[in-house]
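A short write-up of the structure that comes next.
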Amino acid sequence: MNYYNDKINWRTILTVTLLILVCSAVIVAVLPRKSGIHFIYETGKPWKYGPVIAKYNFSIIRNKDSIQHDKEQAIANFKPYFILDDKVEAKALDDFIRAFNDSTAGELMVYKEHIIQRLRFIYPKGIMSPEDYIKYASDSTKEIKLVEGKNAKPVGINRILTPKSAYDLLFFDEDLRENISRFNRLNISDYIKPNLTYDSRKNQEELDELDRRVAKVSGEVVEGEKIVDTGEIVTDEINRKLLSLTKEEDRKAEKNEIRNKIIGQSISVLMLIILFTCYLIIFRRNYFDNLRNILMLYAMIIIFPILVAVTIRFASLYIYVLPFAMVPMLTRVFLDSRTAFVTHTIVILISSIAVNYQYEFILIEFVGGLTAIFALNDMSKRAHLFKAALLVTICTAVMYYATQLIQNDQLVPKDFKYYGAFVFNGILLLLAYPLMWTIEKVFGFVSVVTLFELSDSSRGLLRKLSEIAPGTFQHSTTVGNLAYDIANKIGADGLLVRTGALYHDIGKMANPVFFTENQASVNPHNQLSEKESAQIITSHVTEGQKLAEKYNLPDVIKNFILTHHGHGTAKYFYIKYKNEHPNEEVDTDAFSYQGPNPFTREQAILMMADSVEAASRSLTEYNDENIRNLVNRIIDSQVSEGFFTECPITFLDIATAKRVLIERLKNIYHTRIQYPELRKDAEASQAEDTTEVSNKSRSKRNRLKFKRS
């Protein structure tokens with residue numbers, strides 16, 4: 001690619017630059033920037049990291065359970081505040097007097113003042129709503145504080161009245177109780193209302209004060225004090241010191257510290273992504289020809305650091321659950337092994353910025369990624385994915401065990417929680433299979449597994465081709481084998497070109513008998529004009545495209561169908577027509593395929609193999625000279641006609657393709673040894689020799705029988 005002269009490639013450079021900046025910005029935005037320690041450790045287990053030294057004085061935070069216990073004790077002794085509302089009493093008395101004066105109970109008039117006095121006696125005691133009384137009387141509250149004006153006095157909860165107990169107290173007098181039935185029509189209970197209100201503001205102030213009084217610290221760590229050292233057992237006290245240090249560093253974090261972290265993370269991430277892009281430009285420049293390759297790679301580089309940041313923020317203990325090996329697995333399936341390794345390296349290094357135990361993390365994840373790449377060297381079956389997931393699980397668990405031996409010197413692990421994380425990681429790796437389908441649809445890739453499934457001739461369109469046009473099927477199979485050998489020699493995708501070859505002539509199923517490989521004795525072209533025959537021959541490309549659409553073949557396979565003849569012509573009928581009409585100006589479009597010409601190396605390989613294999617059937621004698629002349633003539637003609645000007649195939653590739661085709665055709669059409677005929681005199685002599693040999697053999701068998709007897 002010429003990045004300096006080609007306007008389109010300048011656009012590619014701008015696109016890649018934008019990708020680098022966007023990736024870096026997104027990753028840096030999600031990376032955690034909190035100060036403090038975020039090591040994975042457990043109380044009662046050895047400290048597996050380096051020594052931690054206090055950089056300044058700080059207080060040791062008490063255990064949460066201990067603090068909570070003290071809070072509960074303080075709340076148990078808390079006396080809630082209730083406001084005694086005098087207005088409730090005044091209103092109740094006014095309502096009672098007005099109702100009593102309007103009543104016809106003249107005979108009860110003598111009790112009016114007595115009832116008023118009883119109400120004035122009851123209300124100052126405090127009347128609480130039934131709901132509040134049940135709430136506070138049922139818990140540990142012994143007293144409440146009645147607020148009257150600026151004063152508050154403690155009162156036992158058992159001395160507080162409810163509307164019901166106040167009503168009973170009102171008719172405590174013998175005189176009133178004897179006439180209680182006569183008072184019923186006055187509805188005395190309507191004038192007994194709760195006059196105690198919960199003082200929310202005052203109570204909250206008191207509770208806050210109690211919370212402040214509960215001691216949150218249990219000591220102090222001085223500057224330079226060693227908190228924990230490598231191999232030391234993490235006790236409860238050490239755990240509290242570590243937690244206290246983390247909170248203190250978070251509290252002390254200033255804007256300039258966060259700014260420095262952002263700058264450091266930005267430089268690190270940007271450098272790694274730039275280095276990754278340099279690798280692609282230097283070693284995989286052809287990937288820039290198809291933006292989907294780049295988008296998939298950069299998408300994975302973004303997604304996994306985001307998952308790491310989220311996991312560390314909410315569940316740092318489960319960082320090893322994340323299936324990092326999925327990055328090289330998917331990259332290996334859709335692209336190549338080297339790119340899979342480099343992509344995995346970049347993802348791991350960027351993700352390690354978010355963790356503090358980089359040594360262990362990088363070791364384990366590198367082993368997992370390399371195992372995935374090696375295990376998927378052959379991805380022809382679904383079972384290979386299960387094998388890869390199993391191997392990754394085993395290898396990562398073994399590497400984790402090795403790091404624990406280095407750090408803890410414990411031969412027998414006592415905690416299997418992390419090993420469970422590796423098992424779950426292996427299960428998540430199996431999601432790579434459905435993800436492959438998703439990536440194929442989103443980015444337009446075709447995986448190795450899909451190509452193997454498409455190459456299965458026992459089902460689908462290929463089985464139909466073998467039944468309807470067996471000659472074409474045999475031709476396609478031979479072309480596929482030839483193309484596969486060429487692709488392997490020049491470093492192209494052999495599986496892809498072989499699969500494309502199997503489907504390149506499926507359009508011949510529309511009119512199979514019009515193609516020589518499917519004809520027995522009758523040639524239907526004898527009944528047609530040259531133009532009609534040419535139209536039928538060239539139409540197998542468009543018919544193949546229709547079938548490919550109907551059976552939902554991938555675009556990359558459709559392109560083999562479209563390009564295997566390029567903009568070429570049906571030369572047999574074109575030349576025949578031209579010979580029969582020497583003075584006529586021939587319209588070549590009537591004899592031409594619609595193309596396009598090949599635009600990938602694999603498509604160019606298929607065009608060469610297809611043309612040579614078809615032409616080789618017309619040779620009258622198969623010897624080295626004829627085969628060599630045929631291959632050179634056909635491919636040189638394709639080069640001179642410009643069929644390969646739009647694809648990145650080199651002259652060296654073409655020369656290699658010629659050598660492979662010549663050798664393979666010589667093997668296919670090799671001359672068998674001609675056995676000599678036996679003359680009559682030699683035949684009589686052979687009969688005598690045969691009789692003599694038979695007699696000798698019979699005599700020998702008889703002697704053996706005699707000896708045994």
Side-chain angles (χ1 to χ4, degrees), residues 32 38-49 234 300-301 303-333 340-341 343-377 379 382-436:
H38 302 284
F39 297 109
I40 294 179
Y41 66 92
E42 292 183 67
T43 304
K45 298 295 180 63
W47 180 257
K48 55 187 177 181
Y49 307 105
V234 180
M300 287 192 293
I301 290 176
I303 289 171
F304 277 88
I306 291 176
L307 292 176
V308 170
V310 172
T311 303
I312 288 177
R313 191 162 295 157
F314 297 104
S316 59
L317 292 175
Y318 301 102
I319 188 70
Y320 292 121
V321 170
L322 296 177
F324 286 98
M326 193 177 290
V327 173
M329 288 172 69
L330 295 175
T331 310
R332 168 67 183 86
V333 168
F341 172 74
T343 307
H344 182 62
T345 301
I346 296 298
V347 169
I348 294 304
L349 292 178
I350 292 176
S351 300
S352 68
I353 297 173
V355 299
N356 282 2
Y357 44 98
Q358 290 95 342
Y359 163 74
E360 175 187 298
F361 174 79
I362 292 174
L363 266 182
I364 293 171
E365 297 304 339
F366 257 120
V367 168
L370 289 173
T371 304
I373 293 172
F374 299 150
L376 288 179
N377 186 46
M379 185 62 181
R382 293 184 180 91
H384 294 154
L385 184 62
F386 287 89
K387 182 188 74 174
L390 178 62
L391 290 175
V392 169
T393 301
I394 294 172
C395 292
T396 51
V398 170
M399 180 53 71
Y400 176 77
Y401 174 70
T403 59
Q404 298 309 296
L405 284 178
I406 295 171
Q407 296 170 359
N408 300 336
D409 196 23
Q410 291 181 353
L411 188 60
V412 180
K414 296 180 180 179
D415 188 0
F416 293 90
K417 178 167 57 178
Y418 292 102
Y419 297 99
F422 293 119
V423 172
F424 192 73
N425 182 308
I427 295 172
L428 288 180
L429 285 177
L430 298 179
L431 294 176
Y433 195 82
L435 273 177
M436 284 165 52

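Both backbone and side-chain heavy atoms feed into the values below; hydrogens, waters and symmetry mates do not.
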Can you sort out the partners of I353 under side-chain contact (heavy atoms from CB on, under 4.5 Å), two or more places apart, ordered by chain and number?
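By the side-chain contact (heavy atoms from CB on, under 4.5 Å) rule, I353 matches L31, Q265, S268, V269.
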Return the set of residues passing side-chain contact (heavy atoms from CB on, under 4.5 Å) with A309 (not counting sequence neighbours), or none when no residue passes.
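side-chain contact (heavy atoms from CB on, under 4.5 Å) check on A309 returns V30, P32.
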To the nearest 0.5 Å, how far apart are [atom1] in [X] and [atom2] in [Y]?
| X | Y | atom1 | atom2 | value |
| --- | --- | --- | --- | --- |
| L430 | M326 | CG | CE | 8.5 Å |
| I427 | T393 | CD1 | OG1 | 8.0 Å |
| L429 | L385 | CG | CG | 8.0 Å |
| T403 | Y359 | OG1 | OH | 7.0 Å |
| C395 | L370 | SG | CG | 10.0 Å |

Shortest non-hydrogen contact from [X] to [Y]?
| X | Y | value |
| --- | --- | --- |
| A325 | V392 | CB-CG1, 3.9 Å |
| A354 | I312 | O-CD1, 3.0 Å |
| T396 | I364 | CG2-O, 3.7 Å |
| T311 | L307 | OG1-O, 2.7 Å |
| T343 | V327 | CG2-CG1, 3.7 Å |
| M399 | V367 | CE-CG2, 3.4 Å |

State, with a plain yes or no, whether a side-chain heavy atom of [X] is found less than 4.5 Å away from one of [Y].
| X | Y | value |
| --- | --- | --- |
| F366 | T345 | yes |
| F324 | F361 | yes |
| L330 | V333 | no |
| N425 | V321 | no |
| L391 | F374 | no |
| Y320 | Y419 | no |
| E360 | Y400 | yes |

S352 (side chain) donor-acceptor with L349 (main chain) under 3.5 angstrom
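Checking the backbone N and O of L349 against the side chain of S352, a donor-acceptor pair under 3.5 Å is found.
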Side-chain donor or acceptor of H344 paired with backbone N/O of M329 under 3.5 Å
no
If you count heavy atoms of other groups shown closer than 6.0 angstrom to CZ of F424, is the number above 12?
no
